[in-house]
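A note on names: the letters A, B, ... follow the listed sequences, proteins ahead of strands, and every chain is numbered from 1.
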Amino acid sequence: MRWSRYFLQTVREAPGDAEAVSHILLTRAGMIRRLAAGIYSLTPLGLRSHRKCERIVREEMDRSGALEVELPILQPRELWEESGRWERYEREEILFHLKDRKAGDYCLAPTAEEAVTTMVRAGVTSYRQLPVTLYQIRTKFRDEIRPRFGLMRGREFLMYDGYSFDAGEEGLDRSYAAQDAAYRAIFRRCGLDFTVVQADSGAIGGTASEEFMVLADTGEDAVVSCAACGYGANLEKAETGRRPAPWRDETEAPLVEVPTPGKGGIDDVVNFLGITAARMIKCLVYESEQGYAVALLRGDLEVNEVALKHVLGVEHLALASEEKVERATGAPVGYVGPHKLPWEKLRVVADESIRDAVNAVTGAGRRDWHVAGFVLRRDAKVEQWGSFAQARAGDPCPRCGKPLAIARGIEVGHIFKLGTKYSKALGCAYTDEKGESHPAVMGTYGIGVGRTMASAVEQHHDGDGIVWPLSLAPFEIALVSLNPADAPTREAADALYDALRQAGMDVFYDDRDERPGVKFKDADLIGFPIRVNVGGRAFKEGQVEIVRRRDKNVRTAPLAGALEAVRALRAELLGG
RNA sequence: CGGGGCGUAGCGCAGCGGUAGCGUAUCUGCUUUGGGAGCAGAUGGUCGCCGGUUCGAUCCCGGCCGCCCCGACCA
C-alpha cells in the first residue's frame, strides 16, 4: 500500500482527555477515532491490527477444535427471561435495550449464553454428540458505568466468546483445559507478557474461573501474586495466610471505656490514643437484599466486598448510610461496638483477622466513647466467621506463606467453568448411556479483541510511539523513500516496493513528498517493526538501510540484496 | 447515581459585554531535503443547544445536552 493513496492521518497532539498510553498512541497514529464515550471507529490502519488480532484468536480456536458460529446480536427479552438475566442485567443497567415497532423488548447482546444454549438444545440430544465447543467473534454491547481508556473499556467492542457443552464434569475439565491452552497460544502470539490468576465468578455465576491478565500500570484490576510458589489471583478473589496478630500472647485486661470526643474514624482514634490501627476492631454496617449485616475485622484491614458477599450469601451489598447505621445498631457511625450490638436482631460476621483478639480497641456503642481491653471471646459472642479482608502487599501467601505482591493488570481473557446454570434454565439436556437425561455441563470463555490489541501497545511502546509485535503490526514493513523528488531514488524505491510485494511481504510504502524527518517520526509513531530507508547517504553507495523499530538498530544492504535482508530481520523478529 | 471540571477552526489551546485569536494541520508559491525545516500568502468558526438579562452575549444568569476526571467502600 502506498501512503499517498491511503487514508491515514497522524497527529502530533492527542486529544486532551486521553489518559492511557494505548489510547493516546493509537489515536496519534491515526488508528482509532472516538465517536462517543466508549465508542470508537477503526481507520483502515487500525482495522488491520484489529483484524490480525482477531485472526490469531480464530486460528487458535479452530486449531483447538472449537467451531465458529454466528449468534444474533439483537435478542428478544423472552430469551433473557428464560435464564433470569433480564431483570438482573436491567437492575445493573448494563444492558442496551430497545423496542421494535410492536413495542416488544429487545437487547443488544452483551454476551450470548442464552442464544448459544438455545442453539445447542435444539440439536444435541445424546451424550454421543458431546462435547462441543462453539464460538463467535462479534461485536458486544455493554452500557458500562464508566467507559474509559480508548479501546480498553468500550461500550461497543469486538469480543471472542466461546461456549463448551459436555456430558459431565470431567468433560468440562477437558474442554476448559483446551481453551486454556488456546488462550496461552493466542496471547503468546500477540507478544504479551501475561499471567493467569484465579478470579471471582462474578455476576454470571459458576465455579472455577481464571483470568488472563496483562501486567501494565494502566490496568484496571489488581493482581495478587506470590513469586515463591506461583499463586496468583485477582484481588477480589485473593486469599491470604494468617497475618501476625498484634495481641499474640497477651493476657486479658479488663474492659474499660475511654473518652474519644469527636474521634470516629480509625485514623482519628489511632492518633488520639497513640495505638496502631491493627489494635482496633472495625465494625462496618452493610445493607443487603436480606437486611442489615455487620462485618467485624481488624482496623488496619479493608473489606473485600466480593468475599463478604460470598460469606453472607447475598447478591448486593452496600455500606449503610449514617442514619441507617444508627437505627440498626443504636450507635452512631464510628462508635459502633461489637459488645453493644443487638445480636438477636442483627446478622454479624467476623473476619479471621480478629479470631483471637485480646485487648483491642473498638467503639463503645455511644458517641464520643471507645472501649479498650476488648477481648472478643469474652465480650462478644461471634457465631459466624469468614475470611473477607482484602489482601495487601506483603501479606502471607495462602499457599506458602511467603509475602504477596500486588500489581496492576488488564484482563484480556477469562475462562469459566459455568456448570449447569444455563442448561438447566433453558432446558439443554442430553441422554446418557443409561438413558437418563442430564443438563449439559457448560463452560464460557471470553477474549476482548480490541483490549488485547490495546494491551500490546501498553506493553510495547517508547518515547517515539508504538513498538508493535510483528504479529499485530498494521503492516510489518515500512518502506520509506527519503527523496521521492529525486528520480533515481524514486525508481529504486518503487522497484523495491514491487519486489517486496511480489515476495508476499506486508509492506506499507511511504511515497509521500515529505522531508525524511517527517517520515521517520511517522514510521516510529505508528510502530512498523521493520523500516527500510531508500535514498540519501546510503543510496549514494548503492545501499539501503534496514531499521529495527524496537531498538533502532540499523543495518545496510545493497539494493539488490534488500529483500533478503528484510527477510532475515523478519525471521529474527519472529524468533523473538 | 454523587462530586469536580470542560465544551471556541480537523487537533491542542487562549480570549472576552461591542459579532473572535494563537500554535499545529490543510492549500498556494518560493526555498529546503537524514529526525515533525524556513519565508510569504490563503482557506477554515451558527464560540455545544435553548432561554433570560442587556442597546448589544462567545463572555453574565438559568436550563438542557455532550465529554472527561474522581467517587460510588471502610466510619
With distance as the sole test, does [X] use its side chain to make a donor-acceptor pair with the main-chain N or O of [Y] at under 3.5 Å?
| X | Y | answer |
| --- | --- | --- |
| A/N271 | A/L273 | no |
| A/Q459 | A/L215 | yes |
| A/D511 | A/R2 | no |

[X]: which residues meet the ring-ring contact (aromatic ring centres under 6.0 Å, His included) condition with it, sequence neighbours left out?
| X | result |
| --- | --- |
| A/Y497 | A/Y509 |
| A/W247 | none |
| A/W468 | none |
| A/F141 | none |

Side chains of [Y] and [X]: any donor to acceptor distance under 3.5 Å?
| X | Y | answer |
| --- | --- | --- |
| A/E545 | A/N533 | yes |
| A/R537 | A/Q543 | no |
| A/D522 | A/T10 | yes |
| A/T218 | A/E458 | yes |

Any residue in [range] with a heavy atom nearer than 4.0 angstrom to RNA chain B? Just list them by number, or reply none.
| range | value |
| --- | --- |
| residues 533-541 of chain A | A/N533, A/G535, A/G536, A/R537, A/A538 |
| residues 555-563 of chain A | none |
| residues 343-377 of chain A | none |

Just to verify, what does A/D498 make a side chain to side chain donor-acceptor pair (under 3.5 Å) with, not counting sequence neighbours? A/R501
Please check the phosphate of B/rA37 (OP1 and OP2 only) for any side-chain N or O of A/R515 closer than 4.0 Å.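 Yes, such a contact exists.
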Relative to each other, are the rings of A/H23 and A/Y40 parallel, tilted or perpendicular (30° and 60° limits)? perpendicular
Describe, in one word, how the ring planes of A/Y6 and A/F475 are oriented to each other, choosing from parallel (under 30°), tilted (30 to 60°) and perpendicular (over 60°).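 Ring orientation of A/Y6 relative to A/F475: perpendicular.
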Between B/rG34, B/rG36, B/rC67, which nucleotide has the shortest distance from any of its atoms to the side chain of A/E545?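 In terms of side-chain proximity for A/E545, the closest of B/rG34, B/rG36, B/rC67 is B/rG34.
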Consider the side chain of A/L482, meaning its heavy atoms from C-beta on, and name the nucleotide among B/rG34, B/rG35, B/rU33 that approaches it most closely.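 Per side-chain heavy atoms of A/L482, the pick is B/rG34.
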Could you state the [atom1]-[atom2] distance from [X] to [N], rounded to the nearest angstrom?
| X | N | atom1 | atom2 | value |
| --- | --- | --- | --- | --- |
| A/I526 | B/rG36 | CD1 | P | 17 Å |
| A/L8 | B/rG36 | CG | P | 19 Å |
| A/F149 | B/rC68 | CZ | P | 12 Å |

My validator wants the stems of RNA chain B: runs of 3 or more consecutive Watson-Crick or G-U pairs, both distances under 3.5 Å, written as range with range.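 Output for stems: B:1-7 with B:65-71, B:10-13 with B:21-24, B:26-30 with B:38-42, B:48-52 with B:60-64.
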In terms of side-chain geometry, is the basic nitrogen of A/R548 or A/E572 positioned less than 4.0 Å from the acidic oxygen of its partner?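 Salt bridge: yes.
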Is A/E257 salt-bridged to A/R366, going by a charged N under 4.0 Å from an acidic O? yes
Can you tell me which residue pairs pass the ring-ring contact (aromatic ring centres under 6.0 Å, His included) test with a partner in residues 322-365 of chain A, sequence neighbours excluded? A/Y335-A/H370, A/H339-A/F374
If the sugar-phosphate is the primed atoms plus P, OP1 and OP2 and the base is the rest, what is the B/S/- string for nucleotides 1-12 of chain B, using protein heavy atoms under 4.0 Å? ---------SSS
Near-ring test A/Y286/A/Y292, centroid separation under 6.0 angstrom: no
Tell me what A/D268 touches on the nucleic acid: a base, only sugar-phosphate, or nothing, going by heavy atoms under 4.0 Å.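 Here A/D268 touches no strand at all.
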Identify whether any heavy atom of A/D522 sits under 4.0 Å from a base atom; if not, whether one sits that close to sugar-phosphate; answer base, sugar-phosphate or nothing.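 Here A/D522 touches the bases of the nucleic acid.
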Table of protein N/O atoms under 3.5 Å from nucleotides 73-75 of chain B N/O atoms:
residue	atom	partner	partner atom	Å
B/rC74	O2'	A/K282	NZ	2.6
B/rC74	N3	A/V303	N	3.4
B/rC74	N4	A/V303	O	3.0
B/rA75	OP2	A/K282	NZ	3.0
B/rA75	O3'	A/G264	O	3.0
B/rA75	O3'	A/G265	N	3.4
B/rA75	O3'	A/I266	N	2.6
B/rA75	O2'	A/G264	O	3.0
B/rA75	O2'	A/G334	N	3.3
B/rA75	N6	A/V285	N	3.2
B/rA75	N6	A/V285	O	3.2

